[in-house]
Visitor: 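Here it is, the structure in full.
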Amino acid sequence: MLRIAQALDTQLREAMQRAFPEVDALLDPQLVPASKPEFGDFQANGALPLAKPLKQAPRQIAAAIVMALKADSAFTALCLEPQIAGPGFINLTIRPERLAAELATRLGDQRLGVPAVENAAPVVVDFSSPNIAKEMHVGHLRSTIIGDSLARVLEFRGHPVLRLNHVGDWGTQFGMLITHLKQVAPETLSTADAVDLGDLVAFYREAKKRFDDDEAFQVKSREEVVKLQGADPLTLKAWGLLCDQSRREFQKIYNRLDIRLSERGESFYNPLLPGVIEGLKDAELLITDDGAQCVFLQGVIGKDGKPLPVIVQKRDGGFNYATTDLAAIRYRFASIPDGDAARRVIYVTDAGQANHFAGVFQVAERAGWIPEGARLQHVPFGLVQGEDGKKLKTRSGDTVRLRDLLDESVERAEADLRRRLEEEGRQETESFIQLVAGTVGLAAVKYADLSQNRITNYQFSFDRMLALQGNTAPYLLYAVVRIAGIARKGGDLDVATAQLQFNEPQEWSLVRELLKFDAVIAEVEEELLPNRLCSYLFELSQVFNRFYDQIPVLKAQSDALSSRLALCRLTADTLKSGLGLLGIATLERM
RNA sequence: GGGGCUGUAGCUCAGCCGGAUAGAGCGACGGUUUCCUAAACCGUAGGUCGUGGGUUCGAGUCCCGCCAGCCCCGCCA
C-alpha cells in the first residue's frame with residue numbers, strides 16, 4: 001500500500017495547507033498505519049502538534065483538516081468518511097473496492113507490488129568473512145545468514161549488490177602455517193594443483209603448538225611472513241594451497257545454505273595499503289606516536305585522557321586491519337576502473353567491532369573518502385548464546401562447528417518427521433524425508449536467527465526453533481503447504497480473477513495483510529532489520545490460518561471461490577517470496 | 001577509568017518518525033475436528049516497560065543521573 005499511502009500523504013498535506021496556510025512550515029500529516037484494525041487503515045496524527053501554535057482545540061483542527069480533505073475528489077474516491085477520534089486523530093479507511101483493485105494488480109505481478117529502485121547504484125554487503133585455515137564455526141552463523149538476507153532484499157529492490165567475502169587470507173599467522181606446510185608436506189609444493197590437507201583445524205593447531213613451543217620454528221615463521229610480503233614464489237604457492245583448501249571447505253557450507261558470495265580477501269587490498277598511508281598524510285591526519293603511524297580520533301578519549309588513536313602502520317612498518325579496512329572503504333567507493341563505485345557499503349559483523357568501525361569510519365570521513373550522499377554502515381549483531389545465557393559451546397567446552405550445528409538441526413527435524421509419520425500412519429519415500437528434513441532443519445536455523453532483532457544477543461535453542469507452532473520456520477512453511485494442498489485438491493490457483501469480491505472479515509484481514517508487503521520490504525531495505533520481515537510473514541501466516549480455518553475455499557459458492565483462490569495464490573506467492581528473501585526454501589508437502 | 005549495547009508478562013522476544021487501553025509466541029488453564037494436513041483455530045489468566053528525575057498536549061520510545069548484565073578500549077581481526 002505504499003502508493004496509496006503516498007497519495008494520502010500528499011492529499012493530507014495539501015488539505016492542511018488549505019486549512020491552515022498561516023502555519024505552513026509546521027504542517028506534517030504524520031500519516032502512519034492505524035494502530036488497531038478498528039481505527040481503519042491509516043491514522044493521521046498531524047492535528048495534535050498544531051494545537052499550541054494555532055491556539056485551537058486539536059479536535060477542532062482535525063475537523064478543519066477533514067473538511068478540507070473532503071473537498072478533494074481524489075481523496076473521497078480513495079477513502080471512506082474520515083473519523084476524528086481520541087484527542088484529535090484522523091482515522092482513515094480505504095474504500096474496499098480500492099483495496100480489491102490494489103490486490104488485483106499484485107496477482108500478476110512478479111514483484112508483488114514492490115517498486116524497483118531508480119538510478120540503482122552498487123551496494124556492497126560485506127559479510128561472513130571466515131579466516132583461512134580455520135573452520136567456520138557458530139561465530140560466523142549470524143553474519144552469514146543476516147548478510148545474505150540483507151543482500152537478497154537489496155537485490156530484490158533492484159540494487160546491483162556486491163556480496164563480498166572479506167576472508168582473513170593475509171597476516172602473520174600465515175608464517176607459521178606456511179612453515180608447517182613446507183615441513184610436513186613439502187611434496188605438495190612441487191606438484192601442481194590442489195591438495196588435500198585433511199583436517200585444516202588440526203593442521204592449524206599443530207602449527208600453532210609448534211610456534212608456541214619451538215623457537216627455531218618461530219624464526220622460520222617470521223621469515224616466511226617476510227617472504228610472503230616479498231612475493232616469494234614458493235611461499236606464495238604454499239599460501240595459495242592453504243587458501244584453496246579452506247575455500248573448498250567454506251564452499252560446502254555456502255552451498256548447503258544456498259549462499260552466494262564473491263571472495264575478496266584481505267590480500268586483495270595489500271597493494272593499496274601504502275596508498276592509504278600516503279592519502280592520510282596528504283589529508284594531514286597522520287601523526288607518529290611511539291613509532292607507529294596513527295590518526296587520533298575526535299571525540300573518543302582513552303584511559304589517559306588523550307584522544308584514542310587508530311593505528312595504520314605499526315612501529316615495525318607493518319600494516320594492520322585498520323589499514324586494510326580503510327583501503328577497502330576507499331576502493332569500494334572509488335569509481336569503476338579503480339573501484340566498485342558503491343553508494344552504500346554495509347558491514348555485517350558482531351557488535352564487538354562497533355568501536356573499531358566507528359574509528360575507521362571517522363578516519364575515512366575526515367580523509368574525504370566517503371563521497372557526498374554515500375552511506376557507510378556497520379550492521380552489528382549480538383552474540384549467539386546457549387540456553388544457559390552464556391556463549392554457545394559444545395558440551396566439552398569447544399567452539400561449535402557450523403557444520404555440526406547444521407547437521408544437528410537437520411537430524412532433529414528428521415527424527416521429528418519420522419515420529420510424526422509413524423504416529424499418523426503415513427508412508428513417505430526416503431527422498432521425501434530427506435528433502436523435508438533438510439529444508440526444515442536449515443530453515444529453522446536461519447529463521448530463528450533472522451527473527452530476532454539482530455542488535456541483541458540471541459539465545460540458541462533447537463527445541464524452540466524447530467517447534468511446529470509459534471513464530472518459527474515450520475509454522476510458516478506449513479502455511480505454504482496448506483495452500484499447496486488446496487491446489488492439489490483441485491483449486492486452480494492460476495485462475496483468471498477478473499473481478500474480486502470479498503464479504504467476510506477474514507477475507508478482508510487477509511487482503512489488508514497482503515497489501516503491507518511493499519512497505520515491509522522498503523523498511524527492511526532502509527533499517528537493515530530482517531526481523532521486521534519475519535514478523536510480517538508470521539502475522540501473514542496467522543491471518544491466513546485464521547482464514548483457512550474459518551472460511552471454506554474449495555467448498556465455497558462459485559462466485560466466492562475464485563476470489564478466495566486468488567487470496568490463497570497471493571498468500572503463497574508472498575510467503576514464498578518473503579521466505580526467499582530470508583534465504584529459506586519452501587515445500588509443497590511436509 | 002572511558003566507551004558501546006542491553007534491561008518490557010513465569011520463559012524467549014516484538015514494539016516503526018514520540019501518539020489512543022503496551023503486543024506476540026512458548027509455557028499454564030479451558031474449548032473446537034462428518035469439512036482443503038488439528039503442524040491449526042477460539043478463549044482465559046499473566047505488566048511498577050531496571051530505577052529516579054527532566055522535556056512534551058502526549059514518553060516503553062527523546063535527554064540527564066543511578067543500578068545490573070554483556071562487550072570493546074595502541075600496534076590481533
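A quick note: this is a predicted structure, and the numbers were derived from the prediction, not measured. By convention in this document, chain letters (A, B, ...) are assigned in the order of the sequence lines, proteins followed by strands, and residues within each chain are numbered from 1.
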Visitor: Tell me if the aromatic rings of A/Tyr347 and A/His166 count as close, with their centers under 6.0 Å from one another.
Guide: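 When the ring centroids of A/Tyr347 and A/His166 are compared, they turn out to be at least 6.0 Å apart.
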
Visitor: Base, sugar-phosphate or nothing for A/Glu523? Non-hydrogen atoms, less than 4.0 Å.
Guide: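 Contact class for A/Glu523: base.
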
Visitor: How would you label the contact of A/Arg315 with the nucleic acid (heavy atoms, under 4.0 Å): base, sugar-phosphate, or nothing?
Guide: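 If one applies the 4.0 Å heavy-atom cut-off, A/Arg315 turns out to touch a base.
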
Visitor: Applying a 4.0 Å non-hydrogen cut-off, can you work out what A/Phe538 is touching in the nucleic acid: base, sugar-phosphate, or nothing?
Guide: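 Touches sugar-phosphate only.
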
Visitor: Quick check: any donor-acceptor pair below 3.5 Å linking the side-chain of A/Asp350 to the base of B/A77?
Guide: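 Donor-acceptor pair under 3.5 Å: no.
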
Visitor: Using a heavy-atom cut-off of under 4.0 Å over every strand shown, decide if A/Asn457 touches base, sugar-phosphate, or nothing.
Guide: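 It contacts sugar-phosphate atoms only.
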
Visitor: On the nucleotide B/U12, are OP1 or OP2 found under 4.0 Å from the side-chain N or O atoms that A/Gln452 carries?
Guide: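 For B/U12, OP1/OP2 do not have a side-chain N/O of A/Gln452 under 4.0 Å.
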
Visitor: Answer with base, sugar-phosphate or nothing: what part of the nucleic acid does A/Ile455 contact at a heavy-atom distance below 4.0 Å?
Guide: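 Sugar-phosphate contact only - A/Ile455 comes under 4.0 Å of backbone atoms but never of a base.
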
Visitor: With the stacking rule set at 5.5 Å and 30°, tell me whether A/Tyr475 counts as stacking on B/A39.
Guide: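 By the stated criterion, A/Tyr475 and B/A39 do not stack.
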
Visitor: Any strand is fair game: report the nucleotide pairing with B/U44 by Watson-Crick or G-U wobble, both distances under 3.5 Å, or none.
Guide: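 The base-pairing partner of B/U44, which may sit in any strand shown, is B/A28.
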
Visitor: Look at the side-chain N and O atoms of A/Arg464 and state whether any lies under 4.0 Å from the OP1 or OP2 oxygen of B/C13.
Guide: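 It does not, given that no N or O in the side chain of A/Arg464 lies less than 4.0 Å from OP1 or OP2 of B/C13.
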
Visitor: Taking the nucleotide of RNA chain B with the closest heavy atom to each, which residue, A/Val32 or A/Phe89, is nearer the 5' end?
Guide: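 The residue mapped nearer the 5' terminus is A/Val32.
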
Visitor: Just by distance, no angles: are the side chains of A/Gln353 and A/Asp350 close enough, under 3.5 Å, to form a donor-acceptor pair?
Guide: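 Distance-only check passes for A/Gln353 and A/Asp350.
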
Visitor: If the cut-off is 4.0 Å, is A/Thr456 near the phosphate of B/A14, judged by side-chain N/O to OP1 or OP2?
Guide: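 It does, given that an N or O in the side chain of A/Thr456 lies less than 4.0 Å from OP1 or OP2 of B/A14.
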
Visitor: On RNA chain B, does the nearest nucleotide to A/Ile551 precede the nearest nucleotide to A/Ala322 from the 5' side, or the other way round? Give the residue.
Guide: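 Here A/Ile551 is the residue nearer the 5' end.
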
Visitor: Please check the phosphate of B/C36 (OP1 and OP2 only) for any side-chain N or O of A/Lys555 closer than 4.0 Å.
Guide: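 Indeed not, no polar side-chain atom of A/Lys555 lies that close.
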
Visitor: Quantified in whole Å, what is the P atom distance between nucleotide B/C11 and nucleotide B/G30?
Guide: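 Per the computed distance, 23 Å lies between those P atoms.
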
Visitor: How far, in whole Å, is B/G15 from B/U61 if one measures between their C1' atoms?
Guide: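 Result for the C1' pair: 9 Å, nearest Å.
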
